[in-house]
Each structure stands twice: as C-alpha cells, then as structure tokens.
Protein chains: 2
Amino acid sequence: MKKSAQPTINDVARLAGVSKKTVSRVINHSPLLNDDTRKRVLGVIDDLGYIPNPQARALALRRNFLIGLVHDNPTAQTVLSVQQGILETLRETEFELVIHPVNRGSPTMLDDIRRFLERQRLFGVMLMPPISENDELAALCDEIGCHYVRMGSAELDASEHMVASNDREAVRAATQYLIETGHRRIGLVLGPHGFRSARERRQGFEDAIAAAGIALPASLTADGNYTFESGLAAGDRLLDHLPRPTAIFASNDEMAAGVIHAARQRGLEVPRDLSVIGFDDNPIAAHIWPPLTTVRWPIAAMARSAALKLVGDATGQGNAAAEPAIFLSSLIRRASVAPPPKVD
Amino acid sequence: MKKSAQPTINDVARLAGVSKKTVSRVINHSPLLNDDTRKRVLGVIDDLGYIPNPQARALALRRNFLIGLVHDNPTAQTVLSVQQGILETLRETEFELVIHPVNRGSPTMLDDIRRFLERQRLFGVMLMPPISENDELAALCDEIGCHYVRMGSAELDASEHMVASNDREAVRAATQYLIETGHRRIGLVLGPHGFRSARERRQGFEDAIAAAGIALPASLTADGNYTFESGLAAGDRLLDHLPRPTAIFASNDEMAAGVIHAARQRGLEVPRDLSVIGFDDNPIAAHIWPPLTTVRWPIAAMARSAALKLVGDATGQGNAAAEPAIFLSSLIRRASVAPPPKVD
DNA sequence: TTGTAGGCGTTATCAT
DNA sequence: ATGATAACGCCTACAA
C-alpha cells in the first residue's frame with residue numbers, strides 16, 4: 001500500500017477512519033472537534049510517528065516555518081549570543097532558524113533582503129543592530145507581510161516589534177562610577193557613526209560628565225568602529241593627549257581591549273596608570289588582563305524574548321504583547337578600574 | 001487576471017505561449033530544449049521578475065534548498081567562521097543556511113538530528129567537529145539520503161564527504177619550534193577526551209618531543225576542554241610542577257589565553273618566564289597580551305570548500321570531487337615565545 | 001462536528 | 001522538442 005517512507009496526512013486519515021481535513025484540524029488545534037475523534041487521531045499520529053510536512057504546509061499556507069536572522073556582522077560574539085538566544089526559544093517548536101548576513105553599505109541591501117523574505121516566505125525575521133535601526137527595513141517587512149522584531153539600544157518601534165536595552169542610562173552609571181572613583185580626565189572611544197547604540201552610549205557618557213560639572217575637551221573623544229584595531233588606534237590618540245586621561249570609556253569591549261593594548265605598548269599599566277571600562281561583557285572581557293570592568297548587555301535574553309514575540313502566539317509558548325520590551329544593562333566591576341594616579 | 005503578488009510559473013507559461021513544463025525545463029537547465037523557446041521564456045522570466053517558489057519545488061522534489069549546519073557549540077569563533085565560510089559559498093545561490101546546534105551527550109542526539117533532517121528534508125548538512133567524528137551520524141545521513149560533509153582534524157571519510165586539516169603535523173611543527181628555541185621542559189594542555197582534534201594535536205606534540213629525544217613526565221600533561229577556564233586551571237597545575245616548564249603548548253587559543261592568565265596571576269611574565277603556543281588563531285590570539293604565537297587553522301576556507309562539495313554540483317559552481325579535502329595549518333609567530341630563562 | 005472539492009506552485013510521467 | 005495530466009502533502013471554503 002504505502003511506501004516505507006514517511007507517513008502522510010492521508011495515512012493518518014485512513015487508519016483513523018476520518019477525513020484528511022479532520023486530521024488537519026487536529027494538527028492545527030482547531031477548537032471545534034469532538035474529543036473522541038481528536039483522541040483517536042492523536043493515537044494514530046503517535047503510532048505512525050507522523051510529522052506534518054513543513055514544505056507542504058508552507059505551500060498551502062503561503063508561509064514558511066522559518067525564522068530569519070538578518071544582521072550586518074556586528075561583533076562575532078554578539079551574533080552568536082543572539083543565535084543562541086533565539087534557538088533557545090525555538091527549541092521544541094516547529095520553527096528553524098535561517099541566518100542571513102547582509103552588507104550594510106551595499107546599495108542593494110534592501111533589495112537583497114526583500115528577495116530573501118519574499119522567496120523564502122519567512123514566518124518572521126529578527127533584525128539585529130545596527131540594521132535594525134533602519135526604518136525603511138521595518139516598513140519593508142510590513143509591506144511584505146513578514147513578522148519582524150527589531151533589537152536595539154533604544155526604543156525604536158512598537159512594543160511587539162522591538163526589544164531594547166537602556167544603553168544610555170547604563171553608560172551614564174558606568175561613567176559616574178569612574179567619576180566617583182576619582183577620575184576627572186576621562187577619554188571616550190565612540191562607536192561607529194550612524195549606529196544608534198553608539199549615539200546612546202555617547203549620550204550616557206555626556207550625561208554623567210555634565211551632571212558632575214566636568215568640562216572635557218573635544219580632543220578626549222576619539223572615533224572607533226567597534227573593532228579591536230579601532231580601539232587600539234583610538235587609545236593611542238587619547239593617550240597622546242596631554243595631560244593624559246586617567247580613565248577611558250570605550251563603547252564596546254573589543255575596543256576596550258584595544259585601548260588596554262595601546263596603554264601597555266607605551267608602558268602604562270592598567271589600572272594603575274589608566275582605568276578602562278567597556279561595554280557588552282562579551283567573553284573576552286573576563287579573559288584579558290586585567291579583567292575588564294564593563295557594562296553587561298543582556299543580548300541573549302533580549303534575543304530569547306524577541307523570538308518569543310515572533311513565534312509565541314503561534315506556538316502557544318507565550319503572548320507577544322506580554323513580553324518585556326526593555327532589558328536593563330548593569331555594571332560589572334572587575335579589575336580594570338582603580339583610583340587615578342596621585343601625580344600626573 | 002492575476003494578483004499583484006508574485007508571478008508564478010503559470011504566468012510565465014501563458015505570456016511565453018508555452019506549457020508550464022517547458023518553463024520548468026528552462027528553470028532546470030534541461031538540455032533538450034529549442035534555443036528559441038528557451039530565449040523567449042527567459043525573456044518573459046526576466047520581464048516578470050519571476051522567481052521559482054522554493055516551497056513548491058521542495059514539495060515536488062521532496063527536497064528542500066536548505067543546507068543545515070549541525071554542531072555542538074565548539075568555541076564561538078569557530079562556529080562563526082564556519083557560518084561565514086558556508087555563506088560565502090551559498091551567496092548568489094538559491095540555498096539558505098539553517099543552523100541547528102545539538103547537545104552531544106544527550107542520549108537523544110541522533111534522534112534529534114534525524115528528526116531535523118527528515119522533517120526539513122534538507123538538501124544537505126555540514127557536520128562540525130566534534131560531532132562530525134561520529135560515524136553513526138554519517139551513516140544516518142546516508143540512510144536518510146541527505147548529502148553531508150564532515151569537517152574534521154583528520155581524514156574521516158571519503159573525499160566528497162569530508163574536509164580536514166592536518167592538525168598532527170601542524171602541532172608537530174609548532175612544538176619543534178619551541179624545541180628549536182631552546183625549550184626542553186614543555187607542558188601540554190590537552191583538548192577534551194574523545195575529540196579527534198584533541199588526539200591529533202596530542203600526537204603531533206608527542207611526535208616532536210620523541211623526535212628530539214626528550215623525555216617528559218606525565219605530570220607535564222594536563223587535561224582541558226577547550227575553554228578559557230580549563231586552560232587557566234591546567235596552567236595552574238602545570239606551573240605548580242617543579243622544575244617549572246619553560247613553555248606550554250595549549251591545544252587551542254582559549255586555553256592558551258587561560259595559561260597566560262595563570263602565569264600572570266603568579267607573577268610570571270610571558271614570554272620572559274614562560275613561552276606559550278596555542279591553536280586556531282582565533283581573533284583573541286592577536287588581541288591578548290602578549291600576542292599569541294599559534295597555529296592558524298583555516299577553518300573558514302574549509303567551510304567554504306565543504307559547502308562547495310555540498311552544493312557545487314547543483315549550482316554549477318564547481319565539482320565536488322575536485323574540491324580539496326585537506327587544508328594545511330601553519331604556524332603564526334607572534335610574541336608569546338622566547339628562549340627559555342637562563343636560570344631555573 | 002465532520003467531509004468534499006479545489007488550490008497552493010512546482011516537477012514527473014508519458015504521450016505526441 | 002513540447003504538452004496534458006497527475007502527483008507532492010497540506011489547507012481553505014463551502015457543504016452537510
């Protein structure tokens with residue numbers, strides 16, 4: 001009769017003595033179903049080890065059971081944490097994760113993403129910063145009818161379309177900590193132009209400086225782009241400054257590692273001669289020397305929650321609207337901060 | 001007539017004045033086709049911006065255009081490099097990448113993977129170490145009829161199913177470099193039990209030691225599991241050894257970073273008091289202090305090639321059999337190695 | 001509460 | 001070389 005291959009909805013229907021549609025109703029948790037028939041069908045499904053074919057469902061529903069992750073290669077660890085967070089939510093569901101890095105800067109980026117979403121008819125996408133900050137992209141998802149959730153460093157969208165961290169306030173607190181420790185000449189390494197996270201962190205820094213009534217020359221602010229190398233260069237520039245800053249806040253951990261490297265290259269010791277704070281708390285932070293004081297960015301938790309916003313309604317795991325939209329970052333104090341040296 | 005939605009094969013057929021099947025033949029590069037009709041159809045396809053629906057194809061072909069990446073969370077950077085390598089090959093093709101981490105150790109791991117492969121009817125899977133070393137898993141792929149390529153640290157399978165690096169020889173050369181630099185008391189931090197890569201690297205180390213006619217006590221070998229923490233612990237153990245080793249080879253970079261950390265904690269300076277070599281050349285290697293001498297593992301290139309083995313025949317990008325199966329690792333000399341201290 | 005007919009967009013079979 | 005027809009496995013609309 002049937003092949004030894006996978007059982008289909010027809011096999012289940014025949015053995016259960018019902019129509020395909022009834023089986024379909026069972027699969028889709030239709031409420032209007034006799035309890036007896038449901039139990040009978042479920043029994044057969046179990047016996048047969050039947051699993052609905054996702055491709056057939058996708059064709060009929062005009063929608064896949066795939067979640068896309070679109071990003072523009074921010075730091076490796078960030079991407080990986082987000083993947084892990086999403087997959088934690090997706091585990092035990094019928095959804096799978098398709099990763100799709102793109103090239104911000106490419107003029108065809110939006111077209112590329114559109115093609116990706118339309119072709120694959122994704123159930124939904126997760127947008128990672130910084131491209132998550134692009135409102136055109138969000139509009140595109142809406143137009144195509146693809147669910148989306150944006151991850152960011154500030155509130156960018158309606159609650160069901162966004163999870164955000166409070167970067168500004170977190171950096172303000174971190175900077176205030178430096179000030180309370182006695183620092184007055186504090187350098188700042190910026191994130192890349194155009195990144196919302198970079199802007200938020202800068203503002204947080206400036207909030208704290210202003211609140212303390214400190215005046216800082218513009219030359220104590222250096223550009224960076226979230227890479228180790230840019231942190232190294234920025235550190236060099238800031239440490240050339242006279243009088244030398246006694247502390248530096250770098251807008252992410254990789255750049256902070258670069259700053260420490262720069263300090264060491266010129267014989268300065270951290271934290272004796274220079275205090276450093278980073279942002280992210282990625283694994284490198286705890287593994288460099290000295291262990292880095294940093295702001296812990298709850299990116300994995302954000303990703304988990306974002307994924308739940310996407311699929312929660314469909315899987316019954318939770319209610320998208322009820323998921324929190326704001327995640328708080330907190331300062332992790334390690335060994336890279338000390339009071340400033342007595343004499344300059 | 002038709003919706004404003006995506007054009008289908010029917011639209012193309014009608015406008016080109018041919019049957020669906022002919023369009024299908026054009027799409028699939030069927031050789032038996034009149035050049036005129038082909039050109040005409042291609043013209044219409046272009047005009048309409050028609051893109052074949054992957055879900056429908058998947059249903060008809062009983063095979064998806066998805067490549068799976070199955071791994072058991074080795075180091076973050078390794079996973080990410082592999083993803084990038086695969087995606088480089090997949091770019092401009094119709095394939096997408098689905099990531100599927102699993103839990104080695106879980107007794108249901110094989111069942112989980114089977115379910116994943118059967119449900120999604122993947123075109124193929126890439127298997128990352130260490131689970132790529134599992135022959136049962138390869139047999140499972142064969143049984144299901146899912147293409148697969150295994151990545152590993154030694155030749156595990158037929159050439160079309162495998163890309164490998166020459167870890168043993170690479171570590172032998174690295175260790176020989178330590179010996180040539182003057183070291184005789186060299187510690188070894190192992191990778192996890194059961195990992196082929198760990199075994200290969202250990203053998204390479206022992207090859208070099210034996211070739212130099214050195215006798216090393218077993219106490220100069222310490223267990224590790226590829227994490228920073230395990231490297232820290234192993235470093236502590238080895239540095240307790242008297243007389244102290246003057247050099248340590250750690251089976252990956254993260255553990256090497258841990259060893260350096262351990263040395264620093266007891267006031268030893270690298271490389272003045274202790275030389276260290278790692279393996280992988282992941283970004284952390286260049287960013288710690290001192291920059292780490294290490295073996296560069298061409299993992300991204302391996303992944304690119306592995307993906308080509310998987311989809312090359314289908315996309316016409318290349319011939320699976322022609323792709324190389326062995327990738328050579330090479331020693332990257334940085335600042336973490338120096339001659340041993342004069343006095344013990 | 002359950003079933004029937006038809007369609008989702010593609011490919012395979014077998015003609016012509 | 002090309003086309004008609006029937007899958008592929010599921011879902012929606014409409015009946016019953």
Side-chain angles (χ1 to χ4, degrees), chain A residues 1-3 5-42 44-45 48-66 94 118-121 123 145 314, chain B residues 1-3 5-42 44-45 48-66 94 118-121 123 145 314:
Chain A
M1 347 201 77
K2 45 187 186 300
K3 317 288 172 61
Q6 311 226 40
T8 75
I9 198 172
N10 290 303
D11 301 321
V12 177
R14 187 159 23 80
L15 264 66
V18 299
S19 75
K20 308 193 325 184
K21 182 57 207 175
T22 301
V23 179
S24 171
R25 290 204 176 88
V26 173
I27 295 170
N28 294 289
H29 307 98
S30 163
L32 20 75
L33 252 184
N34 193 323
D35 255 9
D36 283 348
T37 42
R38 157 170 293 133
K39 266 208 300 217
R40 186 150 37 92
V41 171
L42 282 175
V44 175
I45 287 182
L48 251 43
Y50 164 73
I51 299 177
N53 178 320
Q55 282 76 44
R57 304 187 76 188
L59 183 57
L61 286 171
R62 302 140 145 273
R63 163 156 293 192
N64 222 322
F65 288 87
L66 299 176
E94 57 198 329
E118 284 185 340
R119 272 179 64 145
Q120 300 298 328
R121 297 181 191 255
F123 182 91
Chain B
M1 339 204 83
K2 47 188 186 297
K3 317 289 173 59
Q6 312 225 39
T8 76
I9 199 171
N10 290 303
D11 302 321
V12 177
R14 185 158 27 77
L15 264 66
V18 298
S19 76
K20 313 194 321 185
K21 184 58 203 173
T22 300
V23 179
S24 172
R25 289 203 177 88
V26 172
I27 296 171
N28 294 289
H29 307 97
S30 163
L32 20 75
L33 251 182
N34 192 322
D35 254 9
D36 284 347
T37 42
R38 157 171 292 131
K39 266 209 300 217
R40 185 150 39 93
V41 171
L42 282 176
V44 176
I45 288 182
L48 250 43
Y50 164 72
I51 299 177
N53 178 319
Q55 281 76 43
R57 304 186 76 187
L59 183 57
L61 288 171
R62 303 142 145 273
R63 162 157 294 193
N64 223 321
F65 288 86
L66 299 175
E94 57 199 328
E118 284 185 339
R119 272 178 64 144
Q120 300 299 327
R121 296 181 192 254
F123 182 90

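In what follows, chains carry the letters A, B, and so on, assigned in the order in which the sequence lines appear, proteins first and then strands, with residues in each chain numbered from 1.
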Quick check: does any side chain N or O of [X] sit under 3.5 Å from a backbone N or O of [Y], one acting as donor and the other as acceptor?
X: A:Gln6; Y: B:Glu118; value: yes
X: B:Arg38; Y: B:Ser30; value: yes
X: A:Arg40; Y: A:Ala16; value: yes
X: A:Gln120; Y: A:Leu66; value: no

Euclidean distance, [Y] [atom2] relative to [X] [atom1], rounded to 0.5 Å:
X: A:Arg121; Y: A:Phe123; atom1: CZ; atom2: CZ; value: 15.0 Å
X: A:Ile9; Y: A:Leu48; atom1: CD1; atom2: CG; value: 12.0 Å
X: A:Leu15; Y: A:Ile45; atom1: CG; atom2: CD1; value: 11.5 Å

Under a 4.0 Å heavy-atom cutoff, the residues of residues 26-36 of chain B touching DNA chain C are B:Asn28
Its contact letters, B for base, S for sugar-phosphate only and - for none at protein heavy atoms under 4.0 Å, make nucleotides 3-9 of chain C read BB---BB
(Q) Can you measure B:Arg119 atom CZ to D:dC8 atom C1' for me and round it to whole angstrom units? (A)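 Going from B:Arg119 (CZ) to D:dC8 (C1'), I get 18 Å.
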Bend of the helix from C:dT1-D:dA16 to C:dT16-D:dA1 from end-axis comparison, five pairs per end, nearest 10°, comes to 30°
### N-O pairing of B:Arg14 and B:Asp11 below 4.0 Å
yes
Review point. Considering all heavy atoms of both residues, which atom of B:Thr8 and which atom of B:Tyr50 are nearest to each other, and what is their separation?
Key: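 Reported closest heavy-atom pair: C-CE1, 3.5 Å.
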Is a side-chain donor-acceptor pair under 3.5 Å present for A:Arg57 with A:Asn28?
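Yes, a side-chain donor-acceptor pair sits under 3.5 Å.
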